[in-house]
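Hydrogens, waters and symmetry mates play no part in the numbers below; they use all other heavy atoms, side chains included.
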Amino acid sequence: MSGPLFNKIALIGIGLIGGSIALEARKRRLANKIVAATRKAETADLANKLKLVDHCGTDLAAAVEDADLVIVCTPVGACGAATKAIAPKLKPGCIVSDVGSVKQTVIADMLPHIPKGVHFVPAHPVAGTENSGPEAALLDLFQGRWCILTPLPDSDAAAVDKLETFWKALGSMVNRVAPADHDRILAITSHLPHLIAYTIVGTADDLGGHLNSEVLKYSAGGFRDFTRIAASDPTMWRDIFLNNREAVLEVIQRFQEDLFYLQRAIRWGEGDKLFDLFTRTRDIRRALIHLNQA
Ligand code: NAP
């Protein structure tokens with residue numbers, strides 16, 4: 001390849017995901033210039049202090065001026081307003097993307113603000129940690145992880161290909177999926193597990209009294225892994241549940257039915273039912289290790 005993939009990349013929001021894109025894109029020389037803009041001045045100051053980008057400010061529209069690639073990296077509930085704010089300064093031919101964990105509502109919120117001649121290609125890197133903010137940015141976050149592109153039927157083919165090349169250059173494997181399918185898949189693989197973690201940690205906390213400290217002391221028995229997930233950013237996860245409402249409600253319903261099945265098996269001493277399920281789930285874990293996604 002001769003020269004970087006893009007001349008200027010602008011990131012709107014510079015937390016875990018925006019910051020990690022910036023670090024990786026710079027390391028791999030994917031742009032001549034990488035800038036960012038965020039809502040709060042203190043977040044911008046921190047991003048500048050950490051040298052995540054060439055410059056980070058708080059004027060979202062100014063940041064996207066002359067950019068060839070703009071990636072909105074805010075919580076999903078803020079994607080629409082951020083796109084509205086940057087729209088007047090988007091250059092014709094520029095690619096606008098996002099990293100939102102929900103696709104249908106984000107597309108519905110962003111699309112109306114995308115000017116004619118600007119290419120909108122929604123995306124979701126399925127990689128992360130429970131940490132947030134500029135200090136959480138990590139090199140290698142996307143290495144070997146999937147990035148799901150959810151192009152629209154009329155998305156510009158060259159723009160979709162270019163964004164795919166970008167994510168592959170960041171170390172990701174890329175797949176293209178319909179937005180509705182994306183939301184249903186992530187409801188079970190990511191959103192329900194987070195909801196369960198939030199619930200378990202809340203339930204344990206409610207035990208109260210002298211048991212409370214015992215719970216923390218013996219947390220290695222499984223609880224500890226849930227506390228890590230339940231430490232994930234409250235704003236981000238509030239937005240995910242409110243925006244993937246239908247798909248999440250559907251999997252909660254199914255989960256409740258399955259939980260009742262187990263509850264009944266335990267009550268009536270039906271060990272074979274428990275054993276069969278636990279055997280099936282162990283095979284799933286082994287398959288995951290085989291796919292290198294553990
Ligand atoms: P984060 O670390 O909390 O960063 C969010 C960034 O967005 C911060 O710079 C924040 O800046 C900014 N922001 C928030 N509200 C804004 C607004 N109204 N206007 C402009 N900027 C705003 O979050 P993250 O983990 O990077 O997540 C960002 C997106 O990636 C979310 O949509 C999430 O669904 C998606 N995602 C997350 C993960 C994960 O594991 N964390 C994985 C894949 C995708 P201020 O401090 O200035 O508000």
Side-chain angles (χ1 to χ4, degrees), residues 3-91 94-101 106 110 113 118 123-125 127-143 145 147 162-163 166-167 169-172 231-239:
L5 203 51
F6 295 100
N7 183 42
K8 176 179 168 183
I9 296 176
L11 303 162
I12 303 301
I14 186 86
L16 167 69
I17 301 295
S20 301
I21 293 173
L23 286 176
E24 202 70 49
R26 188 163 49 194
K27 180 183 152 199
R28 297 176 188 244
R29 298 182 203 285
L30 301 181
N32 289 319
K33 190 172 182 190
I34 305 176
V35 302
T38 189
R39 180 177 49 173
K40 298 181 191 155
E42 59 260 40
T43 307
D45 290 346
L46 189 53
N48 286 321
K49 200 171 123 211
L50 295 168
K51 296 190 170 33
L52 294 179
V53 287
D54 295 314
H55 175 72
C56 184
T58 52
D59 186 337
L60 307 193
V64 307
E65 235 171 322
D66 291 325
D68 314 284
L69 173 65
V70 175
I71 308 181
V72 177
C73 303
T74 65
V76 295
C79 288
T83 311
K84 186 177 180 192
I86 61 175
K89 297 283 184 185
L90 290 169
K91 168 171 99 168
C94 152
I95 298 173
V96 173
S97 189
D98 74 303
V99 292
S101 307
V106 168
M110 289 178 70
H113 305 296
V118 168
H124 174 209
T129 72
E130 68 279 17
N131 301 318
S132 56
E135 281 169 315
L138 281 177
L139 267 176
D140 293 333
L141 182 68
F142 308 112
Q143 190 61 43
R145 299 281 160 228
C147 180
K162 195 158 183 189
L163 193 70
F166 176 73
W167 276 104
L170 292 181
S172 287
S232 300
D233 188 67
T235 305
M236 168 179 158
W237 283 95
R238 176 202 62 198
D239 283 8

Practice prompt. Say whether, by atom type as modelled, one donor and one acceptor occur between the side chain of R28 and the main chain of A169 under 3.5 angstrom.
Written response: yes
Practice prompt. Keeping the roles fixed (side chain from K8, backbone from A63), state whether a donor-acceptor pair exists under 3.5 Å.
Written response: yes
Discussion item. I need the M110 CE to T83 OG1 distance, nearest 0.5 Å.
Written reply: 3.5 Å
Discussion item. Can you tell me how far apart NE2 (H55) and CD1 (I34) are? Round to the nearest 0.5 Å.
Written reply: 14.5 Å
Worksheet entry | Check: D68/N7 side-chain N/O donor and acceptor closer than 3.5 Å | no
Item to complete: Check the pair L23, L139 against side chain to side chain contact (heavy atoms under 4.5 Å, CB included), reporting the backbone distance first and the verdict last.
Response: CA-CA 6 Å; L23 286 176; L139 267 176; 4.0 Å; yes
Worksheet item: Does the N48 side chain pair with the main chain of C56, one donor and one acceptor, at a distance under 3.5 Å?
Response: yes
Worksheet entry | Heavy-atom side-chain proximity of I71 to D98 below 4.5 angstrom | no
Item to complete: Assess K33 against F6: is NZ or CZ under 6.0 Å from the centre of the six-membered ring, and within 45 degrees of the ring's axis?
Response: no
Worksheet item: Could you go step by step and tell me if V70 and C94 meet the side chain to side chain contact (heavy atoms under 4.5 Å, CB included) rule?
Response: CA-CA 8 Å; V70 175; C94 152; 3.9 Å; yes
Discussion item. Can you confirm whether E24 sits close enough to D140 that some side-chain heavy atom of one is under 4.5 Å from a side-chain heavy atom of the other?
Written reply: yes
Worksheet item: Can you tell me if NZ on K91 sees more than 12 non-hydrogen neighbours from other groups inside 6.0 Å?
Response: yes
Discussion item. Would F142 and S20 count as a side chain to side chain contact (heavy atoms under 4.5 Å, CB included) here? Give the steps.
Written reply: CA-CA 8 Å; F142 308 112; S20 301; 3.8 Å; yes
Worksheet item: Is the backbone of A62 close enough, under 3.5 Å, to the side chain of D59 for a donor and an acceptor to pair up by distance?
Response: yes
Worksheet item: How about E135: does its CD atom have over 12 heavy atoms from other parts shown lying under 6.0 Å from it?
Response: no
Discussion item. Run the side chain to side chain contact (heavy atoms under 4.5 Å, CB included) test on M236 and S101 for me, step by step, so that the C-alpha distance in whole Å, both residues' side-chain angles and the decisive distance to 0.1 Å come before the verdict.
Written reply: CA-CA 9 Å; M236 168 179 158; S101 307; 4.0 Å; yes
Worksheet item: For the atom pair CG (L11) and CD1 (I17), what is the distance rounded to the nearest 0.5 Å?
Response: 11.5 Å
Discussion item. Between L30 and L170, is there a side-chain heavy-atom distance shorter than 4.5 Å?
Written reply: yes
Discussion item. Less than 4.5 Å apart, side chain to side chain, heavy atoms only: is that true for I14 and C73?
Written reply: no
Worksheet item: Below 4.5 Å, heavy atoms only, C-beta onward: do V64 and I12 meet side chain to side chain?
Response: yes
Item to complete: Taking the side chain as every heavy atom from C-beta outward, state whether R26 and I9 have any atom pair closer than 4.5 Å.
Response: no
Fill in: Exam field: side chain D233 to backbone E130, donor-acceptor pair closer than 3.5 Å
no
